[in-house]
Student: 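Provided herewith is a single structure, encoded as structure tokens, for subsequent inquiry.
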Amino acid sequence: MKTNYDIIVVGGGHAGCEAASAAARLGSQTLLITMDMTKFAQMSCNPAVGGVAKGQIVREIDALGGQMGQVTDRSTIQFRMLNRSKGPAMWSPRAQCDKQLFSALWRETLENTPNLSLWQDAVTGLLVENEYATGVVTALGVRFTARAVILTNGTFLNGLMHVGRAQTAGGRSGDAPSYGLSEQLASLGFEVSRMKTGTPARIDGRTINFDVLESQPGDENPEKFSFNTDIQPVKNQIPCYLVYTSAEVHDTLRTGFADSPLFNGTIRGIGPRYCPSIEDKLRTFADKESHQLFLEPEGRNTHEYYLNGFSSSLPWEVQFAALRKIHGLENAQLYRPGYAIEYDFFPPTQLIHTLETKLIHNLYFAGQINGTTGYEEAGAQGLMAGINAHLKLQGAEPLILRRDEAYIGVLIDDLVTKGVDEPYRMFTSRAEYRILLRQDNADLRLTPIGHKIGLVDDKKFADFAQKKSCVESLISFVREQGVGPAEIDTYLKERNSAPLTQKRKLFDLILRNEITISDLSVHFSPLETFIQESNISKEVIEEAEIQIKYKGYIERERFIADKILRLENIRIHPDFDFNALHSLSTEARQKLTRIRPQTIGQASRIPGVSPADINVLLVYFGR
């Protein structure tokens with residue numbers, strides 16, 4: 001049996017699948033080791049992909065040549081574009097998925113990826129020689145060697161699950177934990193800490209009274225994540241439902257607080273601020289008498305439902321009693337209760353931007369092992385770790401996305417520069433350049449990069465080039481095409497828009513908030529004819545319209561980003577002695593020495609490093 005590879009990926013979750021797929025498709029002989037081959041990219045918690053900022057990340061993964069977007073589209077049972085009432089920087093795609101199909105499609109994808117081998121086993125140790133990762137040892141005693149190793153262990157490292165006072169060892173419900181790696185990495189000098197996450201009870205849909213619940217359907221004209229033109233949007237969508245807690249529900253939950261591992265000191269791991277358990281919500285928002293929850297199907301061919309917003313580690317009896325006091329769930333039966341899980345992670349300031357560790361060469365961390373939460377954040381890290389491990393083995397320049405290029409760039413820079421003090425999840429507010437990093441233009445930003453490194457094939461790149469050309473030609477047409485008052489004033493009156501006093505370009509009309517290209521084409525035949533003859537799609541129309549309406553904002557943000565980019569171009573030698581610069585504050589010297597930023601720009605984002613400290617560095621480096 002083959003036991004020697006270029007790259008070994010440990011863990012078959014969202015990070016591991018993207019890492020292994022990317023490395024193998026780029027040409028590295030890759031081995032993916034997972035404890036259960038029936039659970040690739042398992043949706044351990046919410047059976048959905050995307051959401052605010054997360055949806056942008058998935059479109060970026062797809063634009064670079066990753067797989068999450070395509071797998072999501074092929075398993076979607078409901079699609080919604082969130083925040084349509086806000087500006088396009090906030091629009092965020094979200095898909096409810098068939099949980100079992102999602103995992104099955106990932107397995108199909110991996111099993112048909114050239115250069116990729118699979119092995120079902122638990123990794124219990126790393127092989128390290130002269131500060132280089134050289135392979136792994138498994139529970140079955142197999143020694144696999146490699147030139148690089150990527151760890152994507154999720155919540156499995158010393159995983160411990162809690163339901164009330166009951167504790168069970170495990171990486172998630174029904175799965176064993178992973179032992180040995182944390183202890184070995186700690187002995188090698190890595191800092192190890194603990195985090196906590198949780199999940200709600202799963203409910204038998206046959207016992208839910210849907211007739212009294214408020215239905216939440218998908219979009220009337222659903223879109224999709226992938227830019228792949230061969231994939232079509234979902235048909236026959238399945239609704240989700242809104243439900244609400246009450247004072248009675250809250251009173252029932254409070255009866256279990258004494259047995260809550262969150263409150264009695266049993267759980268010591270850091271929990272997520274932005275996805276708290278229901279008991280956390282009752283403590284934090286004690287004056288609220290009701291919380292909105294989302295009842296979501298786990299697939300087309302199952303009765304299992306997920307109660308989003310009701311994560312809990314309370315005793316199962318308390319969870320059950322409280323659920324039955326929710327309107328519509330009076331007769332609910334459980335498949336299993338909610339639980340909390342504690343697991344080991346490694347503070348990500350121990351990594352460089354390629355996600356390679358600083359202590360051990362050719363060893364990469366990706367996903368929840370870095371203190372993040374969410375499938376999307378994990379998938380993005382896995383993709384970048386797989387790409388960069390391959391590039392390093394080829395002696396090529398690494399791929400490091402800037403903060404003005406991608407949410408993925410923001411994510412990784414935040415992790416390695418600022419670290420985490422709670423499970424990290426992406427928000428649009430974390431990005432300084434939201435208007436540049438929209439979900440609609442992820443392909444325009446990143447597909448050329450994906451094609452250059454070899455992850456985006458020629459067909460997909462040709463489709464991208466065609467779309468880009470159509471956007472440019474549509475914008476050019478409306479810039480040049482004039483329209484007079486007699487041709488358009490009736491339509492403008494219908495839209496409560498000011499009438500024309502003279503002939504104007506279509507571009508000027510589209511700048512008005514109340515005017516859209518689609519509407520305008522219905523009332524102005526030259527535009528409609530151009531769109532039809534040029535075979536311009538709805539996606540192209542939307543992209544062109546955003547570029548027109550937000551042109552001033554986009555240019556201003558681009559100008560600011562370019563100014564700040566100058567700091568990113570000033571490199572700092574890896575062995576630079578910050579302690580020798582006594583003009584720096586003591587805190588700055590300590591933080592800079594610990595994190596070892598690679599550029600002045602990165603140094604400027606380290607908490608505790610002041611603008612005055614950055615000026616000292618600029619003076620020293622002659623800038």
Student: Hey, is the main chain of G367 close enough, under 3.5 Å, to the side chain of T152 for a donor-acceptor pair?
Tutor: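 No; judged by distance alone, with no hydrogens or angles, the pair does not exist.
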
Student: Does the side chain of T373 pick up a donor-acceptor pair with the side chain of Q368 at under 3.5 Å?
Tutor: no

Student: Looking only at atom types and distance, does a side-chain atom of N441 sit under 3.5 Å from a main-chain N or O of R438, one as donor and one as acceptor?
Tutor: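 Looks like yes, one N/O pair under 3.5 Å.
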
Student: For a quick check under 3.5 Å, do D280 and T284 share a side-chain donor-acceptor pair by atom type?
Tutor: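 Checked: D280/T284 side chains show no N/O donor-acceptor pair below 3.5 Å.
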
Student: Anything under 30° is parallel, anything over 60° is perpendicular, the rest tilted; go ahead and classify Y553 against Y550.
Tutor: tilted

Student: Looking only at atom types and distance, does a side-chain atom of E557 sit under 3.5 Å from a main-chain N or O of R434, one as donor and one as acceptor?
Tutor: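 Indeed, once roles are kept as given, a pair shorter than 3.5 Å links the two residues.
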
Student: Tell me if a side-chain donor or acceptor on R194 pairs with a main-chain N or O of I270 at a distance below 3.5 Å.
Tutor: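 The answer is no, because no donor-acceptor pair under 3.5 Å joins these two groups.
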
Student: Take the angle between the ring planes of F346 and F190 and call it parallel below 30°, perpendicular above 60°, tilted in between.
Tutor: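 It falls in the perpendicular class, over 60°.
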
Student: Should we say atom CD of Q184 is surrounded by more than 12 heavy atoms from elsewhere, each under 6.0 Å from it?
Tutor: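 Result for CD/Q184: enclosed.
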
Student: Say you draw a straight line from OG1 of T199 to CG of N46; how long is it, rounded to the nearest 0.5 Å?
Tutor: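 If I round to the nearest 0.5 Å, the distance is 8.0 Å.
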
Student: Does some side-chain heavy atom of I7 sit less than 4.5 Å from a side-chain heavy atom of I150?
Tutor: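 I150 vs I7: side chains touch.
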
Student: Is any side-chain heavy atom of R566 less than 4.5 Å from a side-chain heavy atom of I570?
Tutor: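 Side-chain contact under 4.5 Å: no.
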
Student: Starting from the C-alpha separation in whole Å, work towards a yes-or-no answer on ring pair (Phe, Tyr, Trp, His ring centres under 6.0 Å) for Y620 and F576.
Tutor: CA-CA 12 Å; Y620 180 84; F576 182 77; 5.3 Å; yes

Student: Can you find a pair of side-chain heavy atoms, one from Y5 and one from R147, that are under 4.5 Å apart?
Tutor: no

Student: Tell me, with the steps shown, if F365 and T357 meet side-chain contact (heavy atoms from CB on, under 4.5 Å).
Tutor: CA-CA 7 Å; F365 292 169; T357 67; 3.8 Å; yes

Student: Has the side chain of E18 got a donor or acceptor atom that lies under 3.5 Å from a matching backbone atom of M68?
Tutor: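 Yes.
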
Student: E377 and K54: salt bridge (Lys or Arg N to Asp or Glu O under 4.0 Å), yes or no, with the steps?
Tutor: CA-CA 7 Å; E377 290 89 342; K54 293 169 174 283; 2.9 Å; yes

Student: Answer whether the closest heavy-atom distance between the side chains of L188 and V128 falls below 4.5 Å.
Tutor: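 Yes. Closest side-chain heavy atoms under 4.5 Å.
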
Student: Are E555 and K551 within salt-bridge range, i.e. N to O under 4.0 Å?
Tutor: yes

Student: For L262, is there any backbone N or O sitting under 3.5 Å from a side-chain donor or acceptor partner on S260?
Tutor: yes

Student: Donor-acceptor pairs under 3.5 Å, side chain of residues 606-619 to any protein atom, not counting sequence neighbours: which ones?
Tutor:
from	atom 1	to	atom 2	distance (Å)
S610	OG	A612	N	3.3
S610	OG	D613	N	3.2
S610	OG	D613	OD2	3.0
D613	OD1	S585	N	3.0
D613	OD2	S585	OG	3.3
D613	OD2	S610	N	3.0

Student: Enter the distance from I61:CD1 to I408:CD1 here, rounded to the nearest 0.5 Å.
Tutor: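 Nearest 0.5 Å value for the CD1-CD1 distance: 5.5 Å.
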
Student: For the residue pair R25 and Q67, establish whether any side-chain heavy-atom pair is separated by less than 4.5 Å.
Tutor: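 They are in side-chain contact.
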
Student: Counting C-beta onward and ignoring hydrogens, is there a side-chain heavy-atom pair between F621 and I600 closer than 4.5 Å?
Tutor: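 A side-chain contact under 4.5 Å exists here.
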
Student: For residues N264 and T266, is any side-chain donor paired with an opposing acceptor at under 3.5 Å?
Tutor: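 Their side chains do contain a donor-acceptor pair, which is all the 3.5 Å distance test asks for.
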
Student: Provide the closest heavy-atom pair for D443 versus A63 in the form atom of the first, atom of the second, distance.
Tutor: CA-CB, 3.8 Å

Student: Look at the rings of F263 and F257 and say which category their plane angle falls in: under 30° parallel, 30 to 60° tilted, over 60° perpendicular.
Tutor: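 Aromatic pair F263/F257 classed perpendicular.
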
Student: Answer yes if the side chains of Q439 and S92 hold a donor-acceptor pair under 3.5 Å, and no otherwise.
Tutor: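 No, no side-chain donor-acceptor pair sits under 3.5 Å.
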
Student: In terms of side-chain geometry, is the basic nitrogen of E568 or R402 positioned less than 4.0 Å from the acidic oxygen of its partner?
Tutor: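 The answer is no: the pair does not qualify as a salt bridge.
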
Student: Are a donor atom and an acceptor atom from the side chains of R172 and S44 found within less than 3.5 Å of each other?
Tutor: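 The criterion, which ignores hydrogens and geometry beyond distance, is satisfied for S44 and R172.
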
Student: Quick check against the 3.5 Å criterion: does R59 have a side-chain atom that pairs as donor or acceptor with the backbone of G55?
Tutor: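 Not confirmed, R59 side chain does not pair with G55 backbone.
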
Student: Counting N and O atoms only, with roles assigned by atom type, does the side chain of S21 sit under 3.5 Å from a partner on the main chain of C17, one being a donor and the other an acceptor?
Tutor: no

Student: Which pair of heavy atoms, one from I278 and one from S312, lies closest together, and at what distance?
Tutor: CG2-CB, 3.9 Å

Student: State whether a side-chain donor-acceptor pair under 3.5 Å links E356 with N388.
Tutor: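 No, because no side-chain N or O of E356 sits under 3.5 Å from a partner of the opposite role on N388.
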
Student: Determine the minimum heavy-atom distance between T72 and A95, stating which atoms define it.
Tutor: CG2-CB, 3.7 Å

Student: Distance from K196 atom NZ to F345 atom CZ, nearest 0.5 Å?
Tutor: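 CZ of F345 is found 14.5 Å from NZ of K196.
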
Student: Taking the side chain as every heavy atom from C-beta outward, state whether Y343 and T197 have any pair of such atoms under 4.5 Å apart.
Tutor: yes

Student: Could you go step by step and tell me if R596 and D575 meet the salt bridge (Lys or Arg N to Asp or Glu O under 4.0 Å) rule?
Tutor: CA-CA 8 Å; R596 307 218 65 83; D575 298 324; 5.7 Å; no

Student: Only one of T155, L157, N153 clears side chain to side chain contact (heavy atoms under 4.5 Å, CB included) with D344; which?
Tutor: L157

Student: Between D62 and S226 (side chain of the first, backbone of the second, donor and acceptor by atom type, cut-off under 3.5 Å), is there such a pair?
Tutor: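 No; zero donor-acceptor contacts below 3.5 Å.
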
Student: Grab the two heavy atoms, one from A176 and one from F156, that are nearest each other, plus how far apart they are.
Tutor: O-CD2, 3.2 Å

Student: With rounding to the nearest 0.5 Å, note down the distance linking CD in Q167 to CZ in R165.
Tutor: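 Interatomic distance, Q167 CD to R165 CZ, rounded to 0.5 Å: 10.0 Å.
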
Student: What I'd like to find out is whether the side chain of V58 reaches to under 4.5 Å of the side chain of P93, using heavy atoms alone.
Tutor: no

Student: Answer yes if the side chains of S313 and H162 hold a donor-acceptor pair under 3.5 Å, and no otherwise.
Tutor: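 H162 and S313 do not have a side-chain donor-acceptor pair below 3.5 Å.
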
Student: So, R403 and E432, do they make that salt bridge, N to O below 4.0 Å?
Tutor: yes

Student: Counting neighbours of CZ on R556 that are heavy atoms of other residues, nucleotides or ligands and sit closer than 6.0 Å, is the number greater than 12?
Tutor: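 Not more than 12 within 6.0 Å, no.
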
Student: Start with the C-alpha gap between T417 and D413, add the side-chain angles, then the distance that decides, and say whether side-chain hydrogen bond (donor to acceptor under 3.5 Å, both in side chains) holds.
Tutor: CA-CA 6 Å; T417 302; D413 185 61; 3.1 Å; yes

Student: Apply salt bridge (Lys or Arg N to Asp or Glu O under 4.0 Å) to residues K591 and E587 and explain how you reach the verdict.
Tutor: CA-CA 6 Å; K591 296 284 183 68; E587 182 180 9; 3.2 Å; yes

Student: Who pairs with I449 by side-chain contact (heavy atoms from CB on, under 4.5 Å), at least two apart in sequence or on another chain?
Tutor: L64, L399, L401, E405, L446

Student: Going by salt bridge (Lys or Arg N to Asp or Glu O under 4.0 Å), name the residues that satisfy it together with E183, two or more places apart in sequence or in a different chain.
Tutor: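 E183: no salt bridge (Lys or Arg N to Asp or Glu O under 4.0 Å) contacts found.
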
Student: Donor-acceptor pair, distance only, cut-off 3.5 Å: does the side chain of N362 make one with the backbone of A389?
Tutor: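 Answer holds: no.
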
